[in-house]
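Residue numbers start from 1 in every chain, and the chains themselves are labelled A, B, ... in the order their sequence lines are given, proteins ahead of strands.
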Number of protein chains: 2
Amino acid sequence: MILELWCRANNAVKRGDPLALRRSSGRETMTPAARGASMTIASHALTPMLRKLRLWRHLTAREEEALLNLPHHVISTDRLQTLVNDGDVVSHAWLILSGFCVRFKIVGDGGRQILSIHMMGDLLDLQNAILGVADHGIQTLTKCEMARIPLAAIKTLTDVEPNIKDTLWFDTLVDGSIHREWVANVGRRSGKTRVAHLLCEFALKLEAVHPGDQLKYELPMTQEQLADATGLTSVHVNRVLQALAADGLIQRVTSKSILIGDWKKLATAGDFNRSYLHLDAAVRRAGTS
Amino acid sequence: MILELWCRANNAVKRGDPLALRRSSGRETMTPAARGASMTIASHALTPMLRKLRLWRHLTAREEEALLNLPHHVISTDRLQTLVNDGDVVSHAWLILSGFCVRFKIVGDGGRQILSIHMMGDLLDLQNAILGVADHGIQTLTKCEMARIPLAAIKTLTDVEPNIKDTLWFDTLVDGSIHREWVANVGRRSGKTRVAHLLCEFALKLEAVHPGDQLKYELPMTQEQLADATGLTSVHVNRVLQALAADGLIQRVTSKSILIGDWKKLATAGDFNRSYLHLDAAVRRAGTS
DNA sequence: CGCGAATTTGATCGGTTTCAAGGACCGTGG
DNA sequence: CCACGGTCCTTGAAACCGATCAAATTCGCG
């Protein structure tokens, strides 16, 4: 249901002829007509990015305009599409317009570790693009609409708009902060705590991009993906979810629909402290300056 | 012994009257005379930073000069000093001139997770400073010499020197890449693999700032700290180290001195692929442009 | 309705933790 | 130079959390 709301929120994006990403090639294909369409019609396609960046720093109207005018094209993907592979040479950033994605790594024994979960407004892969070679993969969890933005255009823009560069830098720093929390999460917390922590993080990130009461939401992940994110197995995740439900911390209407029964208790069980998300950065900044 | 070499390399730094950091307050104390001394005499104190930043991007002579002229003062610390606590309001960055530091988090049950290990030339806490509130702590592993640089000065400099800003941004992105590798390391690898991976990473980072054969080095960490970095217990780290030695992957002359017996085997055992360190970024950049 | 994917359950196994105690090392002071 | 004390390393045995394996059940969807 939340997904539906988002689609409505994004209805400025023309999707008359959504372009499916080919699973085999991993690169988008696009007719000249479609390319032209996405460049001109979808002039406000990038608005989800603003909602996110405004959390970090104040942007002037001119700066926001410049961000919206970044060249891009919009792509529709199936679920479970791998957009970027570890080792790829990357020259574009991805912006999520709708849907959910993860970043991940594959380790030697074939195990997979999800590094972060992303949603509408998140600018993905700017890290990979600036570093030049991808050190991790990117995969969609659900059907997504993504905007593909050339790094060169971002460079050109940030070179003349220092405040935008600072904002994007800040955005990547928050990513780093979340990584650090995840290191602690998978390194030093029990299975139950890890899962509870993830549920809290997801609720708060949802709330940030889509204000409203996010105590009930659809978790766009299978238990196996949840396991990959928490460093557990899917079997154990299943048992942990049951335990959380038994304690009344969550209720599970369907398998993926999470209803947080008691936020305070869940946050305590998840050893969750929102400060690492830095969601109050703009508020704090405004208050002190 | 490596530490000795480094001290010699840093002998431009005047340390006549090292200023001990007070354990209780966590803030440096400094006589006016000493402050003046560190500002003027140690004009090349910041050179270790250049060696690191040159790995990421080319810097012009003027830019390097500007970086060296950043206002700062030099501080000597004991081992196990906590320089920054989670939650601190941060207005300075720390540059390591000699010695080793870690970044860490404390989780709910009192457990500690080390997030990254740092050495000469590493610019610490720029993340915390830009984000405003520290989301993690910083502690010295050994006696260190640190330069404390006001964030305001870095801001002023990077606003007029975009290439320096890009370089520092790149530096924080590499930090993020290392964080991602650590998430995968503690999340999805066995104890033995985790420890082997850490030993490989440390050798390579040493090599980067202090070229020479780093197959033998002093690991500036106790087994308990190794455990905090790998998400294990010190008892288990002890057993893992013995196992690695039994397999001939490492030799242990003293408890902390690591001699890598077979780099290839250790890298394989540690599922280690250096690409996430992005140490070849400058090389690659030079080759393609 | 029927198929494949995802969830759930049970039983067993094993890597890692925990607890506890002994021993080695190192810096310090006498 | 040695004695001392504290930190760190090492070892053993037992307990436990989470993994593994396998099978049954439910869910989602065309």
Side-chain angles (χ1 to χ4, degrees), chain A residues 1 3 78-80 107-113 141-143 185-198 218-246 250-258 269, chain B residues 1 3 23 78-81 107 109-113 139-143 185-196 198 218-247 250-258 269 271:
Chain A
M1 33 222 71
L3 289 177
D78 279 343
R79 68 190 282 266
L80 302 183
V107 299
D109 65 0
R112 180 170 112 131
Q113 176 66 45
L141 289 174
T142 62
K143 291 187 179 187
N185 202 41
V186 295
R188 275 282 180 249
R189 294 194 179 114
S190 71
K192 200 167 166 180
T193 310
R194 291 183 212 181
V195 174
H197 190 277
L198 186 73
E218 296 282 325
L219 191 66
M221 306 173 75
T222 65
Q223 292 177 7
E224 186 166 6
Q225 291 161 344
L226 220 40
D228 286 345
T230 49
L232 303 168
T233 58
S234 60
V235 172
H236 198 61
V237 165
N238 182 282
R239 287 168 176 145
V240 164
L241 287 174
Q242 290 180 47
L244 290 175
I250 61 171
Q251 290 163 42
R252 303 192 301 154
V253 188
T254 71
S255 70
K256 288 193 184 176
S257 149
I258 300 288
Chain B
M1 31 225 68
L3 290 176
R23 180 167 215 139
D78 278 343
R79 69 190 283 263
L80 301 183
Q81 294 291 297
V107 299
D109 65 359
R112 181 170 111 131
Q113 176 67 46
Q139 190 180 48
T140 61
L141 290 174
T142 62
K143 291 188 179 186
N185 201 42
V186 296
R188 275 283 179 248
R189 294 195 180 114
S190 71
K192 200 167 165 181
T193 310
R194 291 185 211 182
V195 173
L198 186 73
E218 295 282 324
L219 190 67
M221 306 173 74
T222 65
Q223 292 177 4
E224 186 166 7
Q225 290 161 345
L226 264 176
D228 286 345
T230 49
L232 303 168
T233 58
S234 60
V235 172
H236 197 59
V237 165
N238 181 282
R239 288 167 177 148
V240 164
L241 286 175
Q242 290 179 46
L244 291 175
D247 294 348
I250 61 171
Q251 290 164 40
R252 303 192 301 154
V253 189
T254 71
S255 69
K256 289 193 183 176
S257 150
I258 300 289
D271 190 18

Quickly work out the [X] [atom1] to [N] [atom2] distance and round it to whole Å.
X      : N      : atom1 : atom2 : result
A:H236 : C:dT8  : NE2   : P     : 15 Å
A:I258 : C:dT7  : CD1   : C1'   : 13 Å
A:L241 : C:dT8  : CG    : P     : 8 Å
B:K143 : C:dC26 : NZ    : C1'   : 13 Å
B:D109 : C:dT17 : CG    : P     : 12 Å
B:D228 : C:dT16 : CG    : P     : 16 Å
A:L244 : C:dT8  : CG    : P     : 13 Å
A:Q225 : C:dT7  : CD    : P     : 8 Å

Backbone N/O of [Y] and side chain of [X]: donor-acceptor pair under 3.5 Å:
X      : Y      : result
A:S257 : A:E218 : no
B:R194 : B:T230 : yes
B:D271 : A:G108 : yes

| query | Which heavy atom of B:A227 sits nearest a heavy atom of B:S234, and at what distance? | reply | CB-N, 3.5 Å

| task | Could you pull out the closest heavy-atom pair between B:T140 and B:D78, with the gap in Å? | result | OG1-O, 2.9 Å

| task | Identify, between B:Q242 and A:S190, the residue whose nearest nucleotide on DNA chain D lies closer to the 5' end. | result | B:Q242

| said: Reading DNA chain D from 5' onward, which residue's closest nucleotide shows up sooner: A:S255 or A:S234? | reply: A:S234

| note | Side-chain atoms of B:T233 come closest, of C:dT18, C:dT7, C:dT16, to C:dT18

| query | So what does B:R194 touch, heavy atoms closer than 4.0 Å: a base, only the sugar-phosphate, or nothing? | reply | nothing

| task | Scan A:G111 against the nucleic acid and name what it touches under 4.0 Å (heavy atoms): base, sugar-phosphate only, or nothing. | result | nothing

Side-chain contact, heavy-atom cut-off 4.5 Å: [X] with [Y]?
X      : Y      : result
A:V195 : A:L232 : yes
B:L80  : B:Q225 : yes
B:Q223 : B:V235 : no

| request: Begin with the C-alpha distance, continue with both residues' side-chain angles, and end with the deciding distance and a verdict on salt bridge (charged side-chain N to carboxylate O under 4.0 Å, His left out) for A:R188 and B:D109. | output: CA-CA 9 Å; A:R188 275 282 180 249; B:D109 65 359; over 6 Å; no

| query | Taking N and O atoms by type only, does the side chain of A:R239 place a donor or acceptor under 3.5 Å from a partner on the base of C:dG10? | reply | yes

| message | Reading DNA chain D from 5' to 3', where do the contacts with chain B start and stop? Cut-off is 4.0 Å to heavy atoms. | response | D:dC8 to D:dA13

| Bending between helix ends of the helix from C:dC1-D:dG30 to C:dA21-D:dT10 [5 pairs per end, 10° resolution] | 50°

